Every structure is written in structure tokens, then in C-alpha cells.
S.K.: 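Handing you a structure now.
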Amino acid sequence: MASITSSYKKYQIRNRNPNPETSVVLIIDMQNYFSTIANPIIPPLTSTIQTCRRASIPIIFTRHCHKSPADYAMLGEWWNNDLIIDGTPESELMRDLPRRAEDPVVEKNTYSAFRGTGLEERLKEMGVEEVIVTGVMTNLCCETTAREAFVRGFRVFFSTDATATSMEELHEATLKNMAYGFAYLVDCKSLERALCV
């Protein structure tokens, strides 16, 4: 397992610290539907949130949900219509997270937190230049959001320990892709050191 866990590190040749004045944390889809996958990362994600709050970095949550078959698009076909339906307990954000009432929640109905959500405009209005990506699933919504952030001109930091997916090999593959072409990799400890809080 140690060789799998560290194999992305050979691609991690770029290092940089986030700038707290221009950063935001995106917490992707930490919902009851994903609780089996998400529960193990609650401690590092909570640490990441607390560190970023101390550095005055805003937190934005996303919530994946579908309101009707009209918005299923390709996800309906791909996942045989086994989707997260708005208004169900599975669609709600997990209660174990240190979420505040003022933390915005962006609703989305595809892998990307940018597509059709107004997120890009919101970030630009906030003066954001950097995003720190956390949450689930590493290889689907987190990776798609990170890639879209990169091509939209945002500097991307991608968490290695506050993201999770259904299989270690898929998590690892995304970390390799992120380090190779899209994002600076961070974990809760490196963020704490970088932000000196």
C-alpha cells in the first residue's frame, strides 16, 4: 500500500503555497449519499477547514442534486438514473462538517461545480485567483472541478487527504493527473505549515 500511496509524488515537482488573500476552499459534494466514501476524510477535511478559517480563507460548499429527469443529461444514462434527487436525505450535506450558516452552498447537477452554477462569476467578484479543492469523489466531481478551474484561469491546489473516492487506484490516478498538469498537491498538514496559523 505504501508504494501506491506515494506513487503520485514523482509527478509532484511543482510546489507553491496558497495566498490566503486570493484563495477559496471548495468543498465538493460532502453529502449523505457519499457518506461511506466521505466519512474517512472528515478529520483531515475538518482540519483543512479550520486552518483555512484561521487564515480568513472563505469556504464554499457544493451540493450535487437533480430536480427532475430533465436535468439528468448524460449522468442519467451513465449511472442508470441512480442519481441524487433534491429533497431526499441523501441530497443533504453531512452534519459532521464544521459548516457555518454563512458558508455559501452551490447547487450543481453535473460533475463540474462551474457548469451552469455562476461559481466562476462569484469567485471573480470575490477577487479569488486560487481554489483549494476538497471533498468527493476525487476522480469525478473534484477532478472535473479542478480541471475546469485551471482552464478558467484559477490556480488550483488539490488536497491529497481531504478528497476521497470509491477505489484507491482511482484516487491515485487523479492525484497523478493533478500533479502532472493541473494542480499543486497539498494535505491538511502542509496547508497548516504554509498558512502559518
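Given the structure is predicted, the values throughout are model-derived calculations rather than measurements. Throughout, numbering of the chain's residues begins at 1 and tracks the sequence. Quick note: numbers below take in every heavy atom, side chains included, and nothing from hydrogens, waters or symmetry partners.
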S.K.: Is any side-chain N of the basic residue among R53 and D103 closer than 4.0 Å to the acidic one's carboxylate O?
M.R.: yes
S.K.: Test of understanding: clusters of I, L, V, M, F, W, Y form through side-chain heavy atoms closer than 4.5 Å, transitively. Do V136 and W78 belong to the same one?
M.R.: yes
S.K.: Taking atom SG of C65 and atom OH of Y33, what is their separation to the nearest 0.5 Å?
M.R.: 13.0 Å
S.K.: So with a 6.0 Å cut-off around CD of E102, is the heavy-atom count from everything else above 12?
M.R.: yes
S.K.: Are L93 and F61 close enough that some pair of their side-chain heavy atoms sits under 4.5 Å apart?
M.R.: yes
S.K.: According to a 4.5 Å side-chain heavy-atom criterion applied to Ile, Leu, Val, Met, Phe, Trp and Tyr, with indirect links allowed, do L195 and L45 form part of one hydrophobic cluster?
M.R.: yes
S.K.: Quick check: does any side chain N or O of T134 sit under 3.5 Å from a backbone N or O of L26, one acting as donor and the other as acceptor?
M.R.: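 Such a contact is found between T134 side chain and L26 backbone.
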S.K.: How long is the span from the OG1 atom in T110 to the NE2 atom in H64, to the nearest 0.5 Å?
M.R.: 6.5 Å
S.K.: For F157, run the ring pair (Phe, Tyr, Trp, His ring centres under 6.0 Å) check against F182, Y184, F150 and tell me which one passes.
M.R.: Y184
S.K.: Just to verify, which of N177, T165, T174 counts as forming a side-chain hydrogen bond (donor to acceptor under 3.5 Å, both in side chains) with N139?
M.R.: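 Answer after filtering N177, T165, T174: T165.
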S.K.: Have a look at Y111 and tell me which of L75, D29, T145, I28 forms a side chain to side chain contact (heavy atoms under 4.5 Å, CB included) with it.
M.R.: L75
S.K.: Report yes if some heavy atom in the side chain of R54 is under 4.5 Å from a heavy atom in the side chain of E192; otherwise report no.
M.R.: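 Yes, side chains in contact.
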S.K.: Are side-chain heavy atoms of V105 and R99 found at a separation under 4.5 Å?
M.R.: yes
S.K.: Does L185 share a hydrophobic cluster with Y11, counting links as ILVMFWY side-chain heavy atoms below 4.5 Å and allowing steps through other members?
M.R.: no
S.K.: Below 4.5 Å, heavy atoms only, C-beta onward: do I132 and V156 meet side chain to side chain?
M.R.: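 A side-chain contact under 4.5 Å is absent here.
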S.K.: Can I41 be reached from M167 by stepping across I, L, V, M, F, W or Y side chains whose heavy atoms are under 4.5 Å apart?
M.R.: no
S.K.: Hey, what do you get for CD (E121) to CG (L123), rounding to the nearest 0.5 Å?
M.R.: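 Between E121 CD and L123 CG, I get 9.0 Å after rounding to 0.5 Å.
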S.K.: Could you tell me if D161 and S159 have a donor-acceptor pair between their side chains, going purely by distance under 3.5 Å?
M.R.: yes
S.K.: Flag the pair Y180 / L175 as yes when at least one side-chain heavy-atom distance between them is below 4.5 Å, and no otherwise.
M.R.: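 Side-chain contact under 4.5 Å: no.
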S.K.: Testing I60, L119, V24, T62 one by one against P104 for a side chain to side chain contact (heavy atoms under 4.5 Å, CB included), which residue passes?
M.R.: I60
S.K.: Can you check side chain to side chain donor-acceptor pair (under 3.5 Å) on E107 and T117, steps first, answer last?
M.R.: CA-CA 7 Å; E107 289 191 0; T117 64; over 6 Å; no
S.K.: For R152, give me all partners under salt bridge (Lys or Arg N to Asp or Glu O under 4.0 Å), at least two apart in sequence or on another chain.
M.R.: E120, E148
S.K.: Under a 3.5 Å threshold, yes or no: a donor from one side chain and an acceptor from the other, between N32 and S35?
M.R.: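 Side-chain D/A pair, N32 to S35: absent.
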S.K.: Do D86 and T88 touch side chain to side chain, with heavy atoms closer than 4.5 Å?
M.R.: no
S.K.: Any heavy-atom pair between the side chains of D187 and P44 that's under 4.5 Å?
M.R.: no
S.K.: Salt bridge (Lys or Arg N to Asp or Glu O under 4.0 Å) with E130: which residues, sequence neighbours excluded?
M.R.: R155
S.K.: Could you tell me whether the side chain of R147 reaches within less than 4.5 Å of the side chain of T144, counting heavy atoms only?
M.R.: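 No. Closest side-chain heavy atoms not under 4.5 Å.
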S.K.: Can you tell me if N109 and H66 form a side-chain donor-acceptor pair at under 3.5 Å?
M.R.: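 No, because no side-chain N or O of N109 sits under 3.5 Å from a partner of the opposite role on H66.
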S.K.: With hydrophobic residues grouped by side-chain heavy-atom distances under 4.5 Å, do M94 and L140 end up in a single group?
M.R.: yes
S.K.: Measure the CD1-NZ distance between I85 and K67 for me, rounded to the nearest 0.5 Å.
M.R.: 10.5 Å
S.K.: Do we see a donor-acceptor contact under 3.5 Å between the side chains of T138 and E143?
M.R.: no
